[in-house]
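Each remark here refers to the structure printed beneath this line.
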Amino acid sequence: MVCMWRVLQRGSICTAWLRKRDWLCGLAGLSATHYSTKTAPQIPRMEYQDAICTLNTLQTNASALEQVRRERGHPQLQLQAMRGYLERAGLTVEELDHLNIIHVTGTKGKGSTCAFTEQILRSYGFRTGFYSSPHLVQVRERIRINGQPIGKELFTKYFWQVYGRLEETKDAHRGTMPAYFRFLTILAFHVFLQEKVDLAVIEVGIGGAYDCTNIIRRPWVCGISSLGIDHTQILGDTIEKIAWQKGGIFKPRVPAFTVRQPENAMDVLKDRAKEMSCPLWVCPDLEDYQADCGPLHLGLAGQHQRANASLALQLSHTWLQRRCLPDKSFPASVEHIGVLKPTPIMVKGLADTEWPGRNQTLKHGAVTYFLDGAHTMRSMQACVHWFRETAAQHERMASGTVARVLLFNATGERDSAAMLKLLLPCHFDFAVFCPNITEAIASCNADQQNFNVSVENMLTRCLDNERSWRLHHGQGDNSTELLIDNGLSLVPKKKADTLVFPCILSALQWITQGRDPVLADSSKSVLEVKPSIMAKAALLCNATEIHILITGSLHLVGGVLKHIDPASSK
């Protein structure tokens, strides 16, 4: 394929992906050269694909991640390194002061809070920048102008500007280049400055105190969404340690807001705010706001979004106050603030907010997808509550039987078994597991490639998840015999309610059984499964509707969206 040869010229990273492709096809007993019947398209804007492949060479490997963890005890060195990269790219921390930044962290809901906040301020007519992570389908989603991912041409232009400056100065700095997330953070700052946004909403990557976004010196306002246990190897294994990290974004005399937190976490946030002379307020419940239109309606589904919306109202209101009343001062104290009255523009902003992959429902004929990237215990609890309520509504409208299917994967250090246990009350007919690999064939979309984890490890994790699910159902810990012809078998022989597939596309094709017209596209490659396994799909074929919950990983959700929402890949 032309695009793959262009990519190969960029280095060994993409060569590794080709090996990964061949390995996957070997697992399924498939030929890498004859897996797809269609000819690879001639992809326009090859400079964009070159940029993405070059970006992927900056992905941090496991040894580098371990080094970062060891250096966590020296936060100033981390931020000093980030400032050095920023300056090598031709930027200064002083320039970031002109972006009028809203800085948001948290464990659960920080992205949704940012989305609400950005939509509200855009509704007022301001030109907004929005930096978030991770992306679902294309890396451009991380850097948005006026709510839209920057275009491929704009991304390519600014990418090579920043990368070129860093590459030119590499030899003078011991050959160092910023890792993936650091680079994208610098790129976002560069884009927002060049595009002259009125404000930038910046979502923290991990934690706060040591996060590379924390080189921001003077944000206009800071926010903390719901706290919980996640990224424990980096942030600590208690809610108090995590709260200390999150409170690291507080700045002297910069107003900050938090949703209601567990008591121990709240105590830590108060102490951090006091240390930094930062005025901190706790947001009221959304029900306490009095709007002329009556109850507030949100564009994002789920009861847990109400706290995120309240935080967004406070952040946007405070930013507007600063914009209109620049001399307004804020007392340095922690208290429950008075309830503001949302303006009609704020009300409309909350209702118009969209944030794909979070409590999202897509209906394709007889198949309904329920997508939520929940990947912590608290977010999974919220996901289960949302799914049971929403799926029940859809089932009441169905004209016949409904088959329920779980498509699950989890990554990193997360406790998959505990999350799967939370999903048991959903009463799925099938539980399907697959790695975060979009399809078992090389494609020209490098945006979703991850070189930090081997394919072997990803598939092993899937088999572990499948085993946990069976144990939760009291099915014992029998080893899984897999039944794809001439290769590593992929589904259990004795039990039809759990299956493991080598990629997202093959899992979706088996679950939907040709009933989703988007997936039924003849140009898509199809994984051939034994007839005995296909026979087990009778329930799916005979059901009036198929309801699929996709959860456990935002990367999994993004891979699914790539296949079922073609517009997301354009």
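Model, not experiment: these values are computed from the prediction.
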Could you tell me if the side chain of [Y] sits less than 4.5 Å from the side chain of [X], heavy atoms only?
X      : Y      : value
Leu505 : Leu519 : yes
Val282 : Arg260 : yes
Leu424 : Lys421 : yes
Thr401 : Asn542 : no
Asp211 : Thr105 : no
Phe433 : Trp469 : yes
Cys434 : Leu407 : yes
Asp415 : Met419 : no

[atom1]-[atom2] distance between [X] and [Y], expressed to the nearest 0.5 angstrom:
X      : Y      : atom1 : atom2 : result
Leu311 : Ser316 : CG    : OG    : 9.5 Å
Asp516 : Thr368 : CG    : OG1   : 10.0 Å
Leu136 : Trp355 : CG    : CH2   : 7.5 Å
Ile564 : Leu508 : CD1   : CG    : 7.0 Å
Thr498 : Leu463 : OG1   : CG    : 10.5 Å
Leu350 : Thr117 : CG    : OG1   : 9.0 Å

For His385, does the NE2 atom sit with more than 12 other heavy atoms under 6.0 Å from it, leaving out its own atoms? no
Verify side-chain contact (heavy atoms from CB on, under 4.5 Å) between Leu296 and Val347, making sure each step is shown before the conclusion. CA-CA 7 Å; Leu296 295 171; Val347 172; 3.6 Å; yes
Only distances under 3.5 Å count here; give the side-chain donor-acceptor pairs of residues 386-394 to other protein atoms, sequence neighbours excluded, each with its distance to 0.1 Å.
from, atom 1, to, atom 2, distance (Å)
Trp386, NE1, Thr390, OG1, 3.2
Thr390, OG1, Trp386, O, 2.8

Backbone N/O of [Y] and side chain of [X]: donor-acceptor pair under 3.5 Å:
X      : Y      : result
Gln245 : Ile242 : no
Ser379 : Ala374 : no
Thr438 : Gly559 : no
Thr107 : Gly228 : yes
Asn308 : Thr113 : no
Arg140 : Ile150 : yes
Glu439 : Ser506 : no
Glu118 : Gly147 : yes
His472 : Ala417 : yes
Ser310 : Arg306 : no

[X] to [Y] - nearest heavy-atom pair and separation:
X      : Y      : value
Leu269 : Ala243 : CD2-O, 3.5 Å
Ala410 : Asn465 : N-ND2, 4.0 Å
Tyr131 : Ala188 : CD1-CB, 3.5 Å
Ser133 : Arg142 : CB-NH1, 3.5 Å
Gly357 : Val557 : CA-CG1, 3.6 Å
Gly106 : Lys246 : O-NZ, 3.0 Å

Start with the C-alpha gap between Val405 and Asp429, add the side-chain angles, then the distance that decides, and say whether side-chain contact (heavy atoms from CB on, under 4.5 Å) holds. CA-CA 6 Å; Val405 183; Asp429 297 298; 5.7 Å; no
Gln119 vs Ser123, side-chain hydrogen bond (donor to acceptor under 3.5 Å, both in side chains): CA-CA, chis, key distance, verdict: CA-CA 6 Å; Gln119 177 68 63; Ser123 298; 3.3 Å; yes
Looking only at the side chains, is there a donor atom on one of Glu240 and Asn264 sitting less than 3.5 Å from an acceptor on the other? yes
Polar contact flag, side-chain donor to acceptor under 3.5 angstrom, Ser553-Asn436: yes
Apply side-chain contact (heavy atoms from CB on, under 4.5 Å) to residues Ile206 and Phe181 and explain how you reach the verdict. CA-CA 10 Å; Ile206 296 176; Phe181 184 77; over 6 Å; no
In this structure, which one of His304, Arg358, Gln305 forms a side chain to side chain donor-acceptor pair (under 3.5 Å) with Ser112? Gln305
Between Trp510 and Phe430, is a side-chain contact (heavy atoms from CB on, under 4.5 Å) present by the stated rule, with each step listed? CA-CA 11 Å; Trp510 189 88; Phe430 291 95; 3.7 Å; yes
Residue pairs involving residues 543-552 (criterion salt bridge (charged side-chain N to carboxylate O under 4.0 Å, His left out); sequence neighbours excluded): Lys363-Glu545
Under a 4.0 Å N-O cut-off, is there an ion pair linking Asp464 with Arg461? no
